[in-house]
Participant: 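Pasting in a structure now, in structure tokens, and then I'll have a few things to ask.
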Amino acid sequence: MNQVSNEENPSKLRKLDDKNEPDSSPVFKSFDGFKVKRILKENPESRCIVVEGSFKRDILESDSSMSVVVLEKTHFTENEVNSVLTKSTTVECLFNNDVYYNLLCHPPIELNGIKATVIHPATEKHIEKYSAKKSFLIEETPLIYQSVTLPHISKSKFDLQWVYNILEHKKEADRIVFEDLNPESGFILLPDLKWDCRSTSNLYLTGIVCKKDIKSLRDLTSEHLPLLKNLLEKGSAAITEKYGLQKSQQRIYLHYQPSYYHLHVHFTSLEFIPPGCQVERAHLLASVIRNIELKSSYYLDSTLDFIIFEGDPLLEKYQHYVALNSNGDNKCYL
């Protein structure tokens, strides 16, 4: 269990200057006055719960806008384990059977941290995204992509301003681990919001490409091989240099469908099983490169499977398409 080092190598890490715009975002110092409206989703396996609620007016100057709060139990570091297993931790025995003991432990308060991600103000799209829903497997042929998915992406407005803020160093500049600003093959690598940056066991970074006209895996051809290889080699090397995690210990992949339509790559520790790394959504970057080397239009011509959730407008469009083409060869399974 490796802890994250605070030492930075100036040859790889971007040095900050005084040109970054001041952050005028509200500062969250407590949840005083927060009113829980409902539980959107909970996951006992990941020790995570998502709540919809609102802050009182004197904190964020608004008592009408909603917020989404994601609460996660933080990952243990080696130092914390050593601190927990001391006399400072009180123990309550729930039951005992022969050599097996089930204990409820109460460590010191400083070891009881909970990671919170706050989205404020949250839109209906945010609330929908974080709510528990039924899932369906889509078998998307090239024809279905051209007839249903691409028109939906083109007509829908997906807010990418937060992505451009990162690329333009207006936000999160102090979190950048590595950057290559080549407009064609460059990218910015920084910790994903899902990672608390406390241990490499659950390491999670995202590489956001500088090029703004690549929506997803479907757009990639041999023209993009320099970009993809740059992401694979320089991204993994930066993680090895800063965090000590070798390339063979990293899971490097793309999502399809992605959560936002600006090409980005996920870098996680192999020890960590994050949401979205399942076979029905994740595509290893090395495999993507090999497939495109075999055939430039591989992802334009392939049938791709992915998960879609209840309530997504795109699901209704797929269902309508299936109803109209139920006797054809091109279909999706719902």
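Side chains are part of it too, since the values below use all heavy atoms of this structure and drop only hydrogens, waters and symmetry mates.
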Participant: Nearest 0.5 Å please: distance from the CG atom of D196 over to the CD1 atom of I114.
Facilitator: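 Between atom CG of D196 and atom CD1 of I114 there are 12.5 Å.
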Participant: Tell me whether the NZ or CZ atom of K212 lies within the 45° cone about the ring axis of Y164 and under 6.0 Å from its centre.
Facilitator: yes
Participant: Please check if M66 and V68 belong to a single hydrophobic cluster, counting links between Ile, Leu, Val, Met, Phe, Trp and Tyr side chain heavy atoms closer than 4.5 Å.
Facilitator: yes
Participant: Contact between T268 and C277 at the side-chain level, heavy atoms closer than 4.5 Å - yes or no?
Facilitator: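 No, their side chains stay 4.5 Å or more apart.
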Participant: Is there a side-chain contact between V118 and F31, using heavy atoms and a 4.5 Å cut-off?
Facilitator: yes
Participant: Side chains of V265 and F187, heavy atoms from C-beta outward: is any pair under 4.5 Å?
Facilitator: no
Participant: For P121, does its backbone N or O pair with a side-chain atom of S65 as donor and acceptor, under 3.5 Å?
Facilitator: no
Participant: Is there a side-chain contact between H169 and I188 in this structure, where contact means two heavy atoms from C-beta onward sitting under 4.5 Å apart?
Facilitator: yes
Participant: Do other residues, nucleotides or ligands put more than 12 heavy atoms under 6.0 Å from the NZ atom of K35?
Facilitator: no
Participant: Taking the side chain as everything from C-beta on, heavy atoms only, tell me whether S54 gets closer than 4.5 Å to K37.
Facilitator: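 No, their side chains stay 4.5 Å or more apart.
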Participant: Do E184 and L227 have side-chain heavy atoms sitting under 4.5 Å apart?
Facilitator: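 Contact flag for E184/L227 side chains = no.
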Participant: Look up atom CG in L232 and atom CD in Q250, then write down how far apart they are to the nearest 0.5 Å.
Facilitator: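 Here the rounded value is 9.0 Å.
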Participant: Do you know which two heavy atoms are closest between H264 and S259, and how far apart they sit?
Facilitator: NE2-OG, 4.3 Å
Participant: Please name the residue in the list F306, Y261, Y299 that meets the ring pair (Phe, Tyr, Trp, His ring centres under 6.0 Å) test with Y256.
Facilitator: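 Exactly one candidate clears the test, F306.
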Participant: Under the 3.5 angstrom rule, does the side chain of R38 hit a backbone N or O of V51 as a donor-acceptor pair?
Facilitator: no
Participant: I need the S88 OG to I109 CD1 distance, nearest 0.5 Å.
Facilitator: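 S88 OG to I109 CD1: 13.5 Å, rounded to 0.5 Å.
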Participant: Tell me whether L150 is reachable from L304 by hopping between hydrophobic residues (I, L, V, M, F, W, Y) whose side-chain heavy atoms are closer than 4.5 Å.
Facilitator: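 Same hydrophobic cluster.
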Participant: Counting only heavy atoms not in Q278 (residues, nucleotides, ligands), do more than 12 fall under 6.0 Å from its CD?
Facilitator: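 It does: Q278 CD has more than 12 such atoms within range.
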Participant: So which atom in S83 and which in T89 form the shortest heavy-atom distance, rounded to 0.1 Å?
Facilitator: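 S83 and T89 have their closest heavy atoms at O-OG1, 4.4 Å.
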Participant: Distance check, rounded to the nearest 0.5 Å: Y204 atom OH versus F267 atom CZ?
Facilitator: 11.5 Å
Participant: Apply ring-ring contact (aromatic ring centres under 6.0 Å, His included) to H255 and list each qualifying residue two or more places apart in sequence or on a separate chain.
Facilitator: Y253, H266
Participant: If you apply the rule side chain to side chain contact (heavy atoms under 4.5 Å, CB included), what do you find for S269 with L245, and how did you get there?
Facilitator: CA-CA 8 Å; S269 167; L245 209 63; 3.9 Å; yes
Participant: Rounded to the nearest 0.5 Å, what separates atom CD1 in I308 from atom OG1 in T149?
Facilitator: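 Result: 8.0 Å between the selected atoms.
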Participant: Test your reading of the model: is there a side-chain donor-acceptor pair from R281 to the backbone of I307, 3.5 Å cut-off?
Facilitator: no
Participant: Would you say N230's side chain and P226's backbone share a donor-acceptor pair under 3.5 angstrom?
Facilitator: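 No, because the side chain of N230 does not come within donor-acceptor range (under 3.5 Å) of the backbone of P226.
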Participant: Answer yes or no: is there a side-chain heavy-atom contact under 4.5 Å between N182 and C210?
Facilitator: no
Participant: Between T200 (side chain only) and L203 (backbone N and O only), is there a donor and an acceptor less than 3.5 Å apart?
Facilitator: no
Participant: Return the minimal non-hydrogen interatomic distance between G235 and L189, and the atom names on each side.
Facilitator: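 The pair with the smallest heavy-atom distance is O-CD2, 3.8 Å.
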Participant: Could you go through I208 and L190, starting from their C-alpha distance and side-chain angles, then the distance that decides it, and tell me whether this counts as side chain to side chain contact (heavy atoms under 4.5 Å, CB included)?
Facilitator: CA-CA 8 Å; I208 301 175; L190 74 170; 4.2 Å; yes
Participant: Drop me the distance from L103's CG to E92's CD, to the nearest 0.5 angstrom.
Facilitator: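 Interatomic distance, L103 CG to E92 CD, rounded to 0.5 Å: 9.5 Å.
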Participant: Are E52 and Y130 close enough that a side-chain donor and a side-chain acceptor fall under 3.5 Å?
Facilitator: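 No - no donor-acceptor pair under 3.5 Å links their side chains.
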Participant: With the 4.5 Å side-chain cut-off for hydrophobic clustering, are L231 and L284 part of the same group?
Facilitator: yes
Participant: Evaluate side chain to side chain contact (heavy atoms under 4.5 Å, CB included) for K125 paired with D159, printing each intermediate quantity in order.
Facilitator: CA-CA 10 Å; K125 285 187 177 181; D159 186 11; over 6 Å; no
Participant: When you compare the side chain of L314 with that of I138, does any pair of heavy atoms fall below 4.5 Å?
Facilitator: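 Result no, sub-4.5 Å side-chain heavy-atom pair not found.
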Participant: Under 3.5 Å, is there a donor-acceptor pair between the side chain of N97 and the main chain of V99?
Facilitator: no
Participant: How far apart are the closest heavy atoms of I292 and T221, and which atoms are they?
Facilitator: CG2-C, 3.4 Å
Participant: May I ask whether Y298 and L143 are part of the same hydrophobic cluster, defined by side-chain heavy atoms of I, L, V, M, F, W, Y residues being less than 4.5 angstrom apart, directly or through others?
Facilitator: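 As far as the 4.5 Å side-chain criterion goes, L143 and Y298 are connected within one cluster.
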Participant: Distance-only, no hydrogens or angles: does the S156 side chain make a donor-acceptor pair with backbone N or O of I153 under 3.5 Å?
Facilitator: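 Answer holds: no.
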Participant: Under the side chain to side chain contact (heavy atoms under 4.5 Å, CB included) criterion, do K211 and L263 qualify, and how do the steps go?
Facilitator: CA-CA 8 Å; K211 199 171 173 62; L263 191 71; over 6 Å; no
Participant: Strictly by modelled atom types, are N165 and Q161 linked by a side-chain donor-acceptor pair under 3.5 Å?
Facilitator: yes
Participant: Heavy atoms only: give me the nearest D219-H224 pair and the separation to one decimal.
Facilitator: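 In terms of heavy atoms, the two residues are closest at O-CE1, 3.3 Å.
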Participant: Looking at residues at least two apart in the chain, or sitting in another chain, which of them share a side-chain hydrogen bond (donor to acceptor under 3.5 Å, both in side chains) with E280?
Facilitator: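 Counting only residues at least two positions away or on another chain, E280 forms no side-chain hydrogen bond (donor to acceptor under 3.5 Å, both in side chains).
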Participant: Search all heavy atoms of V177 against all heavy atoms of P191 and return the closest pair with its distance.
Facilitator: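 V177 and P191 have their closest heavy atoms at CG2-CD, 3.9 Å.
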Participant: Any chain of hydrophobic side-chain contacts (each under 4.5 Å) joining Y145 to I214?
Facilitator: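 In one cluster with Y145: I214, yes.
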Participant: Flag yes if more than 12 heavy atoms outside H152 fall under 6.0 Å of its NE2 atom; otherwise flag no.
Facilitator: yes
Participant: Tell me whether the rings of W162 and Y260 are parallel (<30°), tilted (30 to 60°) or perpendicular (>60°).
Facilitator: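 Geometry flag for Y260 against W162: perpendicular rings.
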Participant: Please check: side-chain N/O of S216 versus main-chain N/O of R218, any donor-acceptor pairing under 3.5 Å?
Facilitator: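 It does hold such a pair.
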Participant: What I want to check is whether the side chains of T117 and K115 have a donor and an acceptor closer together than 3.5 Å.
Facilitator: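 Yes, K115 and T117 have a side-chain donor paired with an acceptor closer than 3.5 Å.
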